[in-house]
Asks: 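Can you read through this structure? Questions will come right after.
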Amino acid sequence: MAGTPVQVTGTVLTTRRVDAYHALTVVAPGIAERYRPGHFVSVAVGGERTSMVTRRALSIHDVKSDYGGTVELVFTVRGSGTAWLAERRARDTLDLVGPLGRPFPLPRDPVHCVLVGAEYGSAVLFPLADALLERGCRVDFVLGGASADRVFGAMRARRMAETTTLTTEDGSLGVRGKVTDALPSVIADTRADAVYACGPMESLRSVTAVAMEFDIPVQVAVEESMACGIGVCMTCVLPVIGDDGVTRMVRACAEGPVFRGERVRFEDVGTIPFDALGAPGGGARHAS
């Protein structure tokens with residue numbers, strides 16, 4: 001049953017603003033009991049008579065057993081669909097499908113883990129941190145955003161992690177700069193064994209580069225636009241190098257959203273590389 005997606009009509013329990021972001025807690029028992037850190041949900045937007053036919057993929061920030069199971073969804077307003085979601089109130093209902101995607105793999109043994117979150121991508125890292133702590137792992141956070149109101153979860157991170165490093169591009173909170181500016185020293189100071197990250201693609205590309213410099217594994221949850229969320233529409237494909245060294249265009253919603261960072265060809269995201277399987281030119285790029 002774990003991870004098998006279901007479609008439910010969930011009742012909104014609470015709504016809140018978290019600085020620049022919105023959070024909805026929805027009663028969704030079938031989804032809550034199947035959830036694993038890194039999963040997401042797709043939500044129908046606009047109501048029954050809307051012209052917005054595609055769903056919106058939302059991160060799950062928290063899962064609780066209250067009311068048979070609730071999920072808290074975190075998002076930012078980017079268009080008409082998320083603007084509609086931001087207007088939902090308690091006792092409204094939402095059509096949700098989930099849990100979707102591939103969750104974060106967890107280490108077998110207690111290790112030192114650095115969790116890196118940029119903007120509201122940080123939301124998915126907190127259930128992961130709980131799972132890592134339950135396994136006896138050390139957890140350290142690096143959280144960042146353009147400004148203080150775009151750094152998500154700073155207080156919660158400080159309560160649960162050994163250390164929490166905050167960065168803002170405008171210097172309004174923590175260290176001035178990006179998460180990747182602070183990451184090398186955090187990895188070195190904590191003697192990290194692994195890195196987990198979520199955020200915009202450019203941030204994940206830089207985090208992966210830092211982890212590779214330290215020769216430690218990195219798992220990234222990518223933020224690709226997803227229309228269906230179940231692997232049918234092919235709008236969220238990106239080039240990923242497989243275990244056999246062959247580059248394939250894979251679906252972020254189905255084969256991801258969690259990938260080994262060094263396998264994602266970040267420089268080619270948004271294109272179909274000439275050497276991808278099935279692309280004109282043939283061939284394959286092999287993992288080093």
Side-chain angles (χ1 to χ4, degrees), residues 3-5 36-43 52-59 75-76 78-79 81-82 97-105 116-121 124 178-180 183 194-288:
T4 304
R36 298 293 181 271
H39 280 147
F40 67 95
V41 298
S42 68
V43 185
M52 294 186 286
V53 295
T54 59
R55 291 173 171 263
R56 301 301 186 270
L58 300 183
S59 302
F75 61 96
T76 187
R78 285 181 170 171
T82 45
V97 174
L100 297 170
R102 173 179 172 266
F104 287 107
V116 186
E119 304 282 331
Y120 69 100
V124 304
K178 299 182 179 181
V179 288
T180 45
L183 183 57
V195 173
Y196 293 86
C198 185
M201 295 298 277
E202 187 56 38
S203 177
L204 297 182
R205 177 180 182 175
S206 299
V207 169
T208 296
V210 172
M212 291 178 69
E213 287 178 8
F214 282 87
D215 195 27
I216 57 177
V218 53
Q219 298 284 341
V220 299
V222 303
E223 293 185 353
E224 280 291 276
S225 297
M226 302 175 187
C228 73
I230 58 174
V232 174
C233 70
M234 306 297 286
T235 61
C236 64
V237 295
L238 71 166
V240 175
I241 303 169
D243 291 340
D244 57 1
V246 176
T247 295
R248 294 175 175 82
M249 300 303 294
V250 304
R251 302 161 298 177
C253 68
E255 285 78 29
V258 177
F259 296 98
R260 290 171 55 181
E262 73 275 10
R263 295 294 182 88
V264 179
R265 291 175 57 170
F266 288 105
E267 70 277 12
D268 295 318
V269 170
T271 72
I272 300 176
F274 77 94
D275 57 348
L277 185 67
R285 176 182 293 186
H286 289 263
S288 57

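Numbering starts at 1 and runs along the sequence shown.
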Asks: Given side-chain contact (heavy atoms from CB on, under 4.5 Å), test Val250 with Phe259 step by step and report yes or no.
Replies: CA-CA 11 Å; Val250 304; Phe259 296 98; 3.7 Å; yes

Asks: Tell me if a side-chain donor or acceptor on Arg56 pairs with a main-chain N or O of Val43 at a distance below 3.5 Å.
Replies: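 Not a single qualifying donor-acceptor pair exists.
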
Asks: Check whether any side-chain heavy atom of Pro105 lies under 4.5 Å from a side-chain heavy atom of Gln219, and answer yes or no.
Replies: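 SC-SC contact between Pro105 and Gln219 confirmed.
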
Asks: Indicate yes or no for a side-chain donor-acceptor contact from Tyr196 to the backbone of Ala221 under 3.5 Å, with no hydrogens or angles considered.
Replies: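 Such a contact is absent between Tyr196 side chain and Ala221 backbone.
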
Asks: Can you check whether Glu262 reaches Pro217 side chain to side chain, under 4.5 Å on heavy atoms?
Replies: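 In short, these two side chains do not touch, never coming nearer than 4.5 Å.
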
Asks: So, do Cys253 and Leu100 sit near enough that their side-chain heavy atoms are less than 4.5 Å apart?
Replies: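 Side chain of Cys253 against side chain of Leu100, heavy atoms only: no contact under 4.5 Å found.
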
Asks: Minimum heavy-atom separation for Phe40 to Leu58, with atom names?
Replies: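 Shortest heavy-atom separation between Phe40 and Leu58 comes out as CB-O, 3.3 Å.
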
Asks: Rounded to the nearest 0.5 Å, how far does CD of Glu223 lie from OH of Tyr120?
Replies: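 Going from the OH atom of Tyr120 to the CD atom of Glu223 covers 5.0 Å.
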
Asks: Give the minimum heavy-atom separation between Val116 and Val207, together with the two atoms involved.
Replies: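 Where Val116 meets Val207 most closely, the heavy atoms are CG1-CG2, 3.9 Å.
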
Asks: Tell me, do Asp275 and Arg265 make a side-chain contact under 4.5 Å, heavy atoms counted?
Replies: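 Asp275 reaches Arg265 side chain to side chain.
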
Asks: Please give me the minimum heavy-atom distance between Val41 and Gly98, naming the atom from each residue.
Replies: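 For Val41 and Gly98, the tightest heavy-atom pair comes out as CG1-CA, 4.2 Å.
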
Asks: For the atom pair CG (Leu277) and CD1 (Ile272), what is the distance rounded to the nearest 0.5 Å?
Replies: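 Answer rounded to 0.5 Å: 12.0 Å.
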
Asks: Taking all non-hydrogen atoms of both residues, which atom of Met249 and which atom of Pro273 are closest, and how far apart?
Replies: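 Nearest pair, atom of Met249 first, then Pro273: SD-CD, 3.8 Å.
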
Asks: Go through the structure and list residues passing salt bridge (Lys or Arg N to Asp or Glu O under 4.0 Å) with Arg251, not counting sequence neighbours.
Replies: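 With sequence neighbours excluded, Arg251 shows a salt bridge (Lys or Arg N to Asp or Glu O under 4.0 Å) to Glu255, given in chain and number order.
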
Asks: Do Thr208 and Val264 come close enough that some side-chain heavy atom pair is under 4.5 Å?
Replies: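 Not in contact.
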
Asks: If we only count heavy atoms from C-beta on, is the Asp243 to Arg260 side-chain gap below 4.5 Å?
Replies: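 Contact flag for Asp243/Arg260 side chains = yes.
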
Asks: Is Ile216 atom CD1 crowded by more than 12 heavy atoms from other residues, nucleotides or ligands, each under 6.0 Å away?
Replies: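 Yes, CD1 of Ile216 has more than 12 neighbouring heavy atoms, counting only those of other groups under 6.0 Å.
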
Asks: Tell me, do Glu119 and Thr76 make a side-chain contact under 4.5 Å, heavy atoms counted?
Replies: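 The answer is no, as the side chains (C-beta and beyond) never meet within the 4.5 Å cut-off.
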
Asks: Output the distance between atom CD (Glu202) and atom CZ (Phe266), rounded to the nearest 0.5 Å.
Replies: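 Answer rounded to 0.5 Å: 9.0 Å.
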
Asks: Run through Pro99, Pro5, Ser59 and flag the one making a side chain to side chain contact (heavy atoms under 4.5 Å, CB included) with His39.
Replies: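 Considering Pro99, Pro5, Ser59, a side chain to side chain contact (heavy atoms under 4.5 Å, CB included) with His39 is found only for Pro99.
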
